[in-house]
Amino acid sequence: MSSSSNPSSTATLTPPVGEQSTQKPQQPQTQPPAEQSNPTPTPSSPRSSRTNRAISISAPHYHDHNTVHHPLGRIPTGASRRSTNDAEGTGEPLGRTITSGTTASRRHAPDLSFPYLTTDISRGGITDEYRTETRQGFIPMDDPDNGLRPVQSRLSTLHGDRFVLHDTEKGAAALKNKKLVTWLENDPENPRNWSNFRRWLITAIVSCGVIQVALSSAIVTGDFEDQEEYFGVSSEVIALTVTSTVCGFGTGPLLWSPLSELLGRRLLWAVPTFVYIIFNIPCALAPNIGCLLASRFICGFFGSAPLTLAGGTIADIWGPEERGFAIAIFAAAPYTGPVIGPLIGGYIGKYAGWRWLYWVNMISAGVVWAASLFIPETFAPALLKKRAKKYRQDFCDDTYVTEQELFRKPLNEIVIETLIRPFEMLATEPILLLMSLYISLVYGLLYAFFFAFPVVFGEDYGWDDAKTGLTFIPVFFGVGLALFVTPWLEKKYSAKGDQVTPEDRLPGMLIGGPFVPISLFIFGWTAPPYVAPGGGSWVGPCSAGIPFGFGMVLVYFSANAYLIEAFPDYVASALAAKTVVRSAAGAAMPLFISIMFRHIGNGPAASILGAAAIIMALIPFGFAKYGASIRARSKRAAI
């Protein structure tokens, strides 16, 4: 991992080189005199915010739309490698000459820090503005490597070319003098230039936030019997305390995702989580089942904010070649939290009573929330928009902008993008639909275990809730094993450089997928009555958690990355669709799993789920062979 930059070598926020100001501000002494005296803005020398190596430019190149340019050779300095800015950790070696004439054909990996939901990418396209460091602090709109480039999908051609720079009469002329504000070289305000300690601290807080919220969905399973008795309801009704929370997890991101692009991440780390904490109070003091279920849904809705923000926050602060282990931790966090829930919930319910399940959840949420208040703003578009505004005010120059400011979508289009497009893509994109179904099955099986384990260990073995909660410990071992594999998968993917394709994200699913049905068959057929309870017979069904935890994390990590790579220009909508389907499965499983295991037996019930897992495990093998041809016929997938 790259070390933090030296503050003494950073450039101050002075007007970009070559720009005239009515206030005639003093130029930084670190800039060459030739640049200070040059009244004409020259294109920046892009630098990686992770490797901090410049790219030498072989000749001056001025961006005039009325001039036909010859290709400009860009040669890497030394043996440096410059990584593209992506969401899941690809690295693009700059080991060949790149000309302005070939830039459009280069592969640009998706970036989770790009405001996809609130930017009109059909007009403005995509830009690397938010990840580029330049000497001047800006790039021209038509910069061949990091400026605006059109969306690369069939949909952009089917609906006509709306890309603004292709409209030479109106669009290009109106934007000719606009400058996209970027990071300065070694910029201390660039989150990826912060110290490793600071970035790991933020990663730890973010991961704890995800674990805590995920824990809240399952901690209530630690004492269902007392809640059933107090409210006078059946086990199926009390299971709705889990279902309602997970439903909130599925609907909340539809609001928090666009708000985080408009307001930044820091505000949303603080406000929704505080509301989530407060609504644990009516859960703990609920006088009736209606109050409890309504409060649980509100907790899930507002508590989903950390689940929505965590991945983007990690992508904000870690470069592609650095974030392997950080992403591995994030991939495991949503599945680790629910496992901790029954583990501690059983003891809380046994020794303190069911109301303390909610009090303990509220206390733990409050501790994590207090830590999250120290997370600074990490969202690059929000930070650079603030800087652009400062430039415009300080230097009386309205040409400093960010792409989001120029091409922000109106509210009605944001609503369509958030609430309609995810479901439209589910209906028209087979890759998204099948991957979402696979992820939802694995996520649903995790919640299925929360209700199947009490049947096997509570009813068949006669264990109490506290002892039954301990049976989830093997799942942790499986998750831990997966944490060693995911960085290796990331490294193998990044090593392919320019030759990488979205299908190169599938090996994690190919490896981990078979372990899920294996765990189900072990669980079902080593449980009573097939193996008589007594002695060490509990080891069989308990050990099923190891292969399940291992396969669960690998499937989620790989499938999530594949969707991001397959839909690089529609990342937000694809992930929103996946989240809704995943949460629907997690919410549905608690409603019938207990009945299923009691009525048809442990072996047959587990075998039905295992058969479904086998069918789903074939999906990535099919995409490994036919994924490229399917994407070629897709409207929105990468081409």
Side-chain angles (χ1 to χ4, degrees), residues 87-88 110 250 331-332 334-335 422-449 478 482 485-486 489-490 492-493 500-521 547-568 570-571 573-586 588-589 606-639:
E88 290 294 325
Y335 295 94
F423 301 99
E424 177 189 350
M425 290 180 65
L426 279 174
T428 59
E429 300 290 346
I431 291 177
L432 177 59
L433 175 63
L434 292 176
M435 280 296 172
S436 297
L437 289 175
Y438 193 7
I439 294 174
S440 67
L441 174 68
V442 175
Y443 188 71
L445 287 175
L446 175 62
Y447 282 89
F449 276 146
V485 178
T486 47
L489 292 171
E490 193 74 7
K492 296 286 288 183
Y493 177 82
V500 76
T501 66
E503 284 67 42
D504 290 317
R505 285 293 190 183
L506 294 173
M509 301 181 75
L510 303 180
I511 296 171
F515 284 92
V516 176
I518 289 174
S519 70
L520 290 166
F521 289 119
F548 180 76
F550 179 77
M552 171 180 66
V553 173
L554 288 185
V555 168
Y556 177 77
F557 174 83
S558 180
N560 203 58
Y562 181 56
L563 289 179
I564 291 172
E565 298 289 343
F567 300 96
Y570 300 91
V571 170
S573 296
L575 295 183
K578 178 261 302 181
T579 299
V580 171
V581 176
R582 182 190 69 180
S583 297
M589 286 289 186
S607 296
I608 292 174
L609 298 175
I614 290 175
I615 295 173
M616 289 295 181
L618 298 176
I619 291 175
F621 288 91
F623 285 141
K625 185 174 182 180
Y626 303 108
S629 60
I630 295 175
R631 285 189 290 107
R633 294 191 293 270
S634 167
K635 291 182 179 180
R636 295 185 173 91
I639 57 177

Applying side-chain contact (heavy atoms from CB on, under 4.5 Å) to A482 and not counting sequence neighbours gives F550, V553, L554
Would you please name every residue forming a side-chain contact (heavy atoms from CB on, under 4.5 Å) with A613, sequence neighbours left out?
L441, V516, P517, L520
Which residues pass the side-chain hydrogen bond (donor to acceptor under 3.5 Å, both in side chains) test with [X], not counting sequence neighbours?
| X | value |
| --- | --- |
| S573 | E417 |
| Y443 | Y447 |
| Y562 | E503 |

Do the side chains of F623 and M435 get nearer than 4.5 Å, heavy atoms only?
yes
Kindly compute the distance separating [atom1] ([X]) from [atom2] ([Y]), expressed to the nearest 0.5 Å.
| X | Y | atom1 | atom2 | value |
| --- | --- | --- | --- | --- |
| I564 | L575 | CD1 | CG | 5.0 Å |
| L489 | L506 | CG | CG | 11.0 Å |
| I511 | T486 | CD1 | OG1 | 11.0 Å |
| N560 | R505 | CG | CZ | 10.0 Å |
| Y335 | F548 | OH | CZ | 8.5 Å |
| M509 | M616 | CE | CE | 10.0 Å |

Stepwise side-chain contact (heavy atoms from CB on, under 4.5 Å) test for L609 and L445:
CA-CA 8 Å; L609 298 175; L445 287 175; 4.0 Å; yes
Minimum heavy-atom distance between [X] and [Y], given as atom pair plus value:
| X | Y | result |
| --- | --- | --- |
| A617 | Y438 | CA-OH, 3.5 Å |
| P514 | L510 | CD-O, 3.5 Å |
| R631 | A637 | CG-CB, 3.8 Å |
| A638 | E565 | CB-O, 3.8 Å |
| F423 | V580 | CE2-CG1, 3.9 Å |
| F521 | A611 | CZ-N, 4.3 Å |

Please report, to 0.1 Å, the donor-acceptor pairs under 3.5 Å made by any side chain of residues 426-434, with sequence neighbours excluded.
residue : atom : partner : partner atom : Å
T428    : OG1  : E424    : O            : 2.9
E429    : OE1  : S634    : OG           : 2.4
E429    : OE2  : S634    : OG           : 3.0
E429    : OE2  : R636    : N            : 3.4

Considering residues, nucleotides and ligands other than Y556, do more than 12 of their heavy atoms fall under 6.0 Å from its OH?
yes
